[in-house]
Amino acid sequence: MRIGLLTEGGYPYVSGDARLWCDRLVRGLDQHEFDIYALSRSRRQEDEGWITLPPQVSRVRTAPLWTAEDDGAVLGRRARRQFAEHYGELAAVLCAGRSESPSTAEADRFGSALYGLAELARDQGGLTGALRSETAVRTLERACRTPGAHRAAREARVPDLLAVAARLERALRPLSLDWYGDEGLGSVDLCHAASGGPAALPGLLARHFSGVPLLVTEYGVQLRTHYLSATEASPSVRALLAAFHGRLAAEVYARAALVTPGNAHARRWQERCGADRDKIRTVYPGMDATRFAEVGDSPECADPDTLAWVGRVEPTKDLISLLHAFAEVRKEEPKTRLRIIGVPAGSEGAAYLGHCKALAAQLFPDEAHGRHAVGDNPVSFEEIGGPDIPSPAEAYASGAVTVLSSVVEGFPISLVEAMFCGRATVSTDVGAVVEVIGGTGLVVPPRNPRALAEACVALLRDPERRARLGAAARARALELFTVEQNITAFHGIYLEIVSRHPVRRVVLDDTTGEPRPFAVPAEAHMPGRWTGPAARVVARGGPGWAAGPPVRANTPLPATEGAR
């Protein structure tokens, strides 16, 4: 089958989100054909280029989210009136606020406005200029001043309205793309969005125009990411944008054939936003276990008196609590050492690392065994790639117990890697930690140094328990979190969705113009010239179908990138 893989800020670019997971998925499912539709986040990302793509990728089309070129569309009087109506309806829904359980009427109202804008963009060749126009700002202002609008909308000032209009234009840029015809997403059997938000919007439109089923995978919920990142804007801007992203997420979940969260933490967010439980399938992210096989086969190589922390250094990892906990550990087990292995995440991470080093020097002044010996601090800060720790596997091998001290965590990748290495773990109860551990490690409350210290001491003093937990953790990780299980799961999901939601393509006879039943053989889904030259194919979906000009069944798809 042909899969339209939709990404935002990641694959096939060298850097970005979900790049590694998407690449493993595409390479693992080489029996399918993939068309990549990618939204980029920055010029730097585009300048870095793409990774090497496998032969099953037949087409890549890209479009920037970080800039908007004028599409040249000039709206006539009727089109301007239609735009004002649809955009005004969309703004009215946002200004009405976002209730905990939005009604069906509210959801239909948002969807009607969204698809009305999409149809107008298709008919007019784009809406970039209209979405950036004064009309859009004034329409938004009228909606905010309407009686019944919630308080944050009524209090919006001109700078707030300009900021919201600009952010809405960015989020709605996929409406103006030329991806939705019979030679684009209308020709695929399934759209697979690698995240929610902007990446899923082209999938919604492909479903609306051509009836193509949509699969949405979220390893990090986009709506949660928006809430965490929108802290610098004014209350009015935050409220209106939160309403938009919340409505968009609800529309994506409602229209998707299936939704596949990466863990129960993400699943709870999706259910809270309106996702139907019957359409949710948890699929854990696949990770490469071969890098850790040698360490996992030799758990006895660990230093029995060493705790290891591995990850990106940033405030959410709460290394401050870890250092205070280690001070308590040293009172009980004076020979214990702590190795903090990782690189700072940006400038904020670098500043935080400096603060942690200063605290470690204060809590643990250099200890010398003799008058002329050099002091040795029991806490070390190291990076992977050095002579002592050349690889992540060596990082986990350096300690008998791996510690995770985060206060915020999604899917804990470092914890899974420690499990692949057969290490006993002590973790804080955040994000998907308990779901990942599944009883194979110790879990304590976050921001509780004493509880963290007690758990670490318990494992340091009991090598047999460490060995049992490490072996159980490795077995669990190999069963649930490998690349192989991830690929197998999605292969089954693809077949299930296509069997339940087939895209019906009617073949028209060139002579009579009448439909030709059974004219599209199963081989038409495979690369190659299987059909005769006298057939024209029209893709038909459901109630929202709107077809473009018929195309020949044997029209080959270009294997090169597109500009939009």
Side-chain angles (χ1 to χ4, degrees), residues 1-14 16-40 49-63 174 177-195 198-207 210 212-219 256-258 260 283 285-286 483-484 486-499 501-503 505 522-530 539 555-564:
M1 69 181 72
R2 176 176 291 161
I3 310 298
L5 185 61
L6 314 174
T7 67
E8 188 250 321
Y11 191 73
Y13 295 103
V14 171
D17 300 338
R19 174 190 56 80
L20 190 58
W21 167 72
C22 288
D23 188 54
R24 288 170 176 169
L25 179 72
V26 172
R27 293 181 186 277
L29 295 175
D30 56 359
Q31 67 270 51
H32 300 305
E33 184 180 359
F34 284 86
D35 292 347
I36 311 299
Y37 292 82
L39 300 170
S40 65
W50 302 347
I51 64 173
T52 302
L53 298 174
Q56 54 267 34
V57 175
S58 60
R59 172 191 295 174
V60 177
R61 301 197 68 180
T62 65
L177 299 176
D178 59 350
W179 289 359
Y180 312 110
D182 295 326
E183 294 185 359
L185 287 173
S187 67
V188 304
D189 300 298
L190 168 67
C191 283
H192 185 177
S195 67
L201 186 52
L204 279 180
L205 302 186
R207 180 189 180 278
S210 301
V212 178
L214 173 63
L215 168 65
V216 179
T217 296
E218 287 189 301
Y219 288 128
L258 284 178
T260 54
V283 180
V483 174
E484 292 75 17
N486 184 270
I487 291 173
T488 300
F490 277 112
H491 178 61
I493 288 172
Y494 285 177
L495 296 177
E496 177 185 348
I497 292 178
V498 171
S499 67
H501 307 273
V503 180
R505 290 185 169 88
E523 293 85 353
H525 295 285
M526 302 298 292
R529 295 177 176 271
W530 299 97
T555 302
L557 293 177
T560 58
E561 60 176 303
R564 292 177 61 186

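In what follows, every heavy atom counts, from backbone to side chain, and hydrogens, waters and symmetry copies are set aside.
- Interatomic distance, OG1 of T260 versus CD of E218, reported as 8.5 Å (0.5 Å rounding).
- When every heavy atom of A194 is checked against every heavy atom of T7, the shortest pair comes out as CB-CG2, 4.1 Å.
- Taking each heavy atom of A200 and A193 in turn, the nearest pair found is CA-CB, 3.8 Å.
- When all heavy atoms of G203 and L214 are compared, the pair lying nearest together is CA-CD1, 3.9 Å.
- Note: W21 CH2 to N486 CG = 7.0 Å, rounded to the nearest 0.5 Å.
- Under the 3.5 Å distance criterion, with hydrogens and angles disregarded, no donor-acceptor pair is assigned to the side chains of S195 and E8.
- Taking the six-membered ring for Trp and thresholds of 30 and 60 degrees, F490 and H192 have ring planes inclined between 30 and 60 degrees apart.
- Checked by atom type and distance alone, the side chain of R24 never pairs as donor or acceptor with a backbone atom of V483 at under 3.5 Å.
- The closest side-chain heavy-atom distance from Y11 to V60 is not below 4.5 Å.
- For the atom pair NE2 of H491 and CE of M1, the computed distance is 7.5 Å after rounding to the nearest 0.5 Å.
- For E496, the side chain to side chain contact (heavy atoms under 4.5 Å, CB included) criterion is met by L258, R281, R500, not counting sequence neighbours.
- The closest side-chain heavy-atom distance from P54 to D30 is not below 4.5 Å.
- Within the model, atoms CD1 of I51 and OH of Y13 stand 12.0 Å from one another, a figure rounded to the nearest 0.5 Å.
- At least one donor-acceptor pair under 3.5 Å links the side chain of R19 to the backbone N or O of V14.
- Nearest approach of C191 to A206, heavy atoms of both residues: SG-CB, 3.8 Å.
- Inter-residue side-chain proximity for Y494 and P213 is flagged as unmet; no heavy-atom pair is nearer than 4.5 Å.
- Here the shortest heavy-atom pairing between V283 and Y219 reads O-CE2, 3.1 Å.
- Considering L39, I36, D35, L185 as possible partners of L6, the one that fulfils the side chain to side chain contact (heavy atoms under 4.5 Å, CB included) test is L185.
- Using modelled atom types, one side-chain atom of S187 and one backbone atom of G184 make a donor-acceptor pair closer than 3.5 Å.
- The CD atom of Q31 lies 5.0 Å from the CG atom of L29; values are rounded to the nearest 0.5 Å.
- What you find for P174 and P198 is that their closest heavy atoms are CG-O, 4.2 Å.
- Atoms CG and CD1, on L190 and I497 in that order, are 5.0 Å from each other to the nearest 0.5 Å.
- Inter-residue side-chain proximity for Y180 and P202 is flagged as met; some heavy-atom pair is nearer than 4.5 Å.
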